[in-house]
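Below, chain A is the first sequence line, B the second, and so on; all start at residue 1. This is a predicted model, so every value here is computed, not measured.
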2 protein chains.
Amino acid sequence: MTDHAAASSFCCADHSGTANAQAILTQAEDRAKARGVRLTPVRRRTLEILLQAHVALGAYDVLERLGAEGFGSQPPVAYRALNFLVEHGLAHRIRRLNAFTACAHPGEEHRAAFLICEACDSVTEAPARLVSDALALAAAEAGFRLERATIEAVGLCAACQRASA
Amino acid sequence: MTDHAAASSFCCADHSGTANAQAILTQAEDRAKARGVRLTPVRRRTLEILLQAHVALGAYDVLERLGAEGFGSQPPVAYRALNFLVEHGLAHRIRRLNAFTACAHPGEEHRAAFLICEACDSVTEAPARLVSDALALAAAEAGFRLERATIEAVGLCAACQRASA
DNA sequence: ATATCTAATGTTATACCATAACAGTCAAGG
DNA sequence: CCTTGACTGTTATGGTATAACATTAGATAT
Ligand SMILES: [Zn+2]
Ligand SMILES: [Zn+2]
Ligand SMILES: [Zn+2]
Ligand SMILES: [Zn+2]
């Protein structure tokens, strides 16, 4: 897991960061303000780190960067910042990878699905309205009251399909 | 995680085990034979352990039981058996819980969603054809070739809703 | 039957992921 | 000011998972 960041440096999707990272960061600040929570330096920097990465990062990957920049260097520092971002819709946890990725659409309320490429480790956030609705239906049929869900697909991203063709 | 097995001893769903456990075990044997793989003693016993549990079990929970019965007592013993069962459709991995549960419908090819109760830790396997289709569609729209997916819902099972009403 | 090969099991050791508990710090609001 | 609650940092520990290698059990082929 630790070498994800190094690998596949010119990979697929539009989460590549630098492009719209600034815009997303601004949205994130707005959202934080709207919610009345503080986007403190560690938290903000953590979000930037996620935005700059083109793959999902493990907590220890994030921690390493934070520590190198003068923030705390012990696991709780990273986990707290990451959990904060997730709680407030600024990042998502990818359970299959034990990793985190910046939300591509902060501000909107959304239920996302994640498309994880087995070849390049990229993670793309896809709109999951319909998937979510279908799941809600299936849950209702079982008398289950759905609170939230994890939807993660594994396969090959468009770029890697072309590359392997 | 370790006390899941102890808790909620008369819980909700139909995965309660003992009822149709025997039938499922038979199906599993058939399926293994059909696939030309061996359901060895550890593997079979591991499946039985999962079937007897009424919640998903962590690898170390399973390991503890296996060790107590004369099988190996080191992590790889449990992980290998569990991974075998998952690979061959006899069990499922519940990523949100870092746990495993016996498949309720071995034999059939199926893409399942899991309904995880926050109150009693029960895990119910729900048919997810429609959810899966919707996800396939969303993936296709992103040019993503879907291989497999994890669909896990968190909420309240029917029984626990009644209990808390 | 015996040699041979492969799959499966078991062990040791280690890596990776995550949180509990407590101490110090900082920024309001009274 | 000074209290208060939120935030950051540290130490310590617990839980999850795999790599690497030795051993054994089953199948296959003389
Ligand atoms: Zn998002
Ligand atoms: Zn890719
Ligand atoms: Zn199943
Ligand atoms: Zn329940």
When rounded to the nearest 0.5 angstrom, what is the spacing between CG in A/Leu156 and CD1 in A/Ile116?
12.5 Å
Under 3.5 Å, is there a donor-acceptor pair between the side chain of A/Arg31 and the main chain of A/His88?
yes
Determine whether a donor-acceptor pair (N or O, by modelled atom type, separation under 3.5 Å) exists between the side chain of B/Glu152 and the backbone of B/Arg95.
yes
Distance check needed: [N] [atom2] versus [X] [atom1], whole Å only.
X	N	atom1	atom2	value
A/Arg43	C/dA27	CZ	P	13 Å
A/Leu82	C/dT19	CG	C1'	14 Å
B/Gln74	C/dA8	CD	C1'	17 Å
A/Leu63	C/dT19	CG	P	14 Å
A/Phe84	D/dC7	CZ	P	7 Å
A/Leu97	C/dA18	CG	C1'	16 Å
B/Leu57	D/dT16	CG	C1'	15 Å
A/Asp61	C/dA15	CG	P	16 Å

Is it true that A/Glu48 and A/Arg65 make a salt bridge, defined as a side-chain N closer than 4.0 Å to a carboxylate O?
no
Distance check: side-chain N/O of [X] vs OP1/OP2 of [N], anything under 4.0 Å?
X	N	value
B/Arg38	D/dG26	no
A/Asn98	D/dT16	no
A/Arg95	D/dT16	no
A/Tyr79	C/dT19	no
B/Ser73	C/dG10	no

How do A/Arg93 and B/Gly70 order along DNA chain C: which one's closest nucleotide is nearer the 5' end?
B/Gly70
With distance as the sole criterion, do the side chain of A/Tyr60 and the base of C/dA15 form a donor-acceptor contact below 3.5 Å?
no
Heavy atoms under 4.0 Å, any strand shown: does A/Arg80 hit a base, just sugar-phosphate, or nothing?
base
When all nucleic acid strands are considered with a 4.0 Å heavy-atom cut-off, which category describes A/Phe71: base, sugar-phosphate, or nothing?
sugar-phosphate
Which of C/dA8, C/dG10, C/dA13 is nearest the side chain of B/Thr40? It is C/dA8
Is a side-chain donor-acceptor pair under 3.5 Å present for B/Thr150 with A/Arg96?
yes
